[in-house]
K.L.:
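Take this structure first; my questions come after.
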Protein chains: 2
Amino acid sequence: MSFADTFKALGDPVRREILTLLKGGRLSAGEIGSHFDMTGATISYHLNILKKADLVHESREKNFIYYELNTSVVEEIMLWLRDLKGEK
Amino acid sequence: MSFADTFKALGDPVRREILTLLKGGRLSAGEIGSHFDMTGATISYHLNILKKADLVHESREKNFIYYELNTSVVEEIMLWLRDLKGEK
DNA sequence: CTGGTATTTAGAAAATAATCTAAATAGATC
DNA sequence: GATCTATTTAGATTATTTTCTAAATACCAG
């Protein structure tokens, strides 16, 4: 989706923690959920927001759905911040 | 306040636009408000969030309250993003 | 095809955030 | 002090987000 959606997706601490977890490699929805004291449905909700923001990609395999980090859109955010700081 | 508050403050488009306006130099609350189709009270609410996130500083002068950009905390955000991208 | 595990979707409830109107504060000017 | 302008604060309302429970889907194993 859009730049604004990416920024908003990053604004939530649960979602940032999910992204941090994914730095170690792809994880299934269940593995991600087991790190949080929340229902799977809630985790699924957050994963969907991250997916719409293009911050993660999913790949289905067997019975599982694996999520992995996609940082391509992070560059845009960093550019905005750098510009805010007045750097060239 | 905290890193999380800074991230959240940046998640809102109105607040990002305020920060962008302030790139051009300090502005009074009224000057900021005139760029938006919102009441002064709402602008004040957003300014307060930016202030708590340490993204702006205020200075009182005469009858006015001027706001100016403070990007010192932006560096932290950028470090987090850079780390997410797996850069050193 | 039946049963089991993994995950999502739907819908409702709870929590948080954004917005407004009206009143309050602060300082400047008369 | 009275009044005007600039801004914030209080309180209520509306909108959005997060979360849950229950049901649905999907896929695998027997």
K.L.:
Quick one: A:Glu58 CD to D:dT25 P, roughly how many Å, whole number?
P.N.:
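That distance rounds to 18 Å.
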K.L.:
Could you check how far CE of A:Met38 sits from P of C:dA14, rounded to whole Å?
P.N.:
17 Å
K.L.:
At under 4.0 Å between heavy atoms, what does B:Gly40 touch on the DNA or RNA strands: base, sugar-phosphate, or nothing?
P.N.:
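Result for B:Gly40 = base.
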K.L.:
What's B:Tyr45 touching, base or sugar-phosphate or nothing? Going by heavy atoms closer than 4.0 Å.
P.N.:
base
K.L.:
Looking at B:Leu55, B:Leu10, B:Asp5, which hits side chain to side chain contact (heavy atoms under 4.5 Å, CB included) with B:Val73?
P.N.:
B:Leu55
K.L.:
Nearest-Å distance, NZ (B:Lys8) to C1' (C:dA18)?
P.N.:
13 Å
K.L.:
Between the main-chain N or O of B:Ser72 and the side-chain N or O of B:Glu75, is there a donor-acceptor pair closer than 3.5 Å?
P.N.:
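No; judged by distance alone, with no hydrogens or angles, the pair does not exist.
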K.L.:
Does B:Tyr66 or A:Arg15 map to a spot on DNA chain D nearer the 5' end, using the closest nucleotide for each?
P.N.:
B:Tyr66
K.L.:
Can B:Glu61 and B:Arg26 be said to form a salt bridge (charged side-chain N to carboxylate O under 4.0 Å, His left out), step by step?
P.N.:
CA-CA 12 Å; B:Glu61 199 164 312; B:Arg26 72 176 200 172; 3.1 Å; yes
K.L.:
For A:Asn63 and A:Asp12, find the nucleotide of DNA chain D closest to each by heavy atoms; which residue's nucleotide sits nearer the 5' end?
P.N.:
A:Asp12
K.L.:
Applying a 4.0 Å non-hydrogen cut-off, can you work out what A:Ala29 is touching in the nucleic acid: base, sugar-phosphate, or nothing?
P.N.:
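A:Ala29: backbone/sugar contact only, no base atoms under 4.0 Å.
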K.L.:
Over how many whole Å does the gap from B:Ile43 atom CD1 to C:dT19 atom C1' extend?
P.N.:
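So the two atoms are 10 Å apart, to the nearest Å.
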K.L.:
Would you kindly give the CD1-to-P distance between B:Ile65 and D:dA6, to the nearest whole Å?
P.N.:
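It works out to 12 Å between those atoms.
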K.L.:
Do any side-chain nitrogens or oxygens of A:Thr42 fall under 4.0 Å of OP1 or OP2 in D:dT19?
P.N.:
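So the side-chain polar atoms of A:Thr42 never come under 4.0 Å of the phosphate oxygens OP1 or OP2 of D:dT19.
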K.L.:
If I take atom CZ in residue B:Phe36 and atom P in nucleotide C:dC20, what distance separates them, rounded to the nearest angstrom?
P.N.:
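From B:Phe36 CZ to C:dC20 P: 12 Å.
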K.L.:
Could you measure the distance from the CD1 atom of B:Ile32 to the CD atom of B:Glu17? Nearest 0.5 Å is fine.
P.N.:
11.5 Å
K.L.:
Is B:Lys23 salt-bridged to A:Asp83, cutoff N-O under 4.0 Å?
P.N.:
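Looking at B:Lys23 and A:Asp83, the cut-off is met.
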K.L.:
Give a yes/no on whether any side-chain N or O of B:His46 is located under 4.0 angstrom from OP1 or OP2 of C:dT19.
P.N.:
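So the side-chain polar atoms of B:His46 do come within 4.0 Å of the phosphate oxygens OP1 or OP2 of C:dT19, strictly under.
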K.L.:
Any side-chain N or O of B:Tyr67 less than 4.0 Å from the OP1 or OP2 oxygen of D:dA6?
P.N.:
no
K.L.:
Just to confirm, is there a sub-4.0 Å distance from OP1 or OP2 of C:dC20 to any side-chain nitrogen or oxygen of B:Thr39?
P.N.:
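Indeed, a polar side-chain atom of B:Thr39 lies that close.
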K.L.:
Please report, rounded to the nearest Å, how far the C1' atom of C:dA18 is from the CD atom of B:Glu17.
P.N.:
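Checked: the CD to C1' distance equals 16 Å.
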K.L.:
For B:Lys62 and D:dC4, what is the distance between atoms NZ and C1' respectively, to the nearest whole Å?
P.N.:
13 Å
K.L.:
D:dT7, OP1 or OP2 - any side-chain N/O from B:Ser28 closer than 4.0 Å?
P.N.:
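Looking at the OP1 and OP2 atoms of D:dT7, one of them is under 4.0 Å from a side-chain N or O of B:Ser28.
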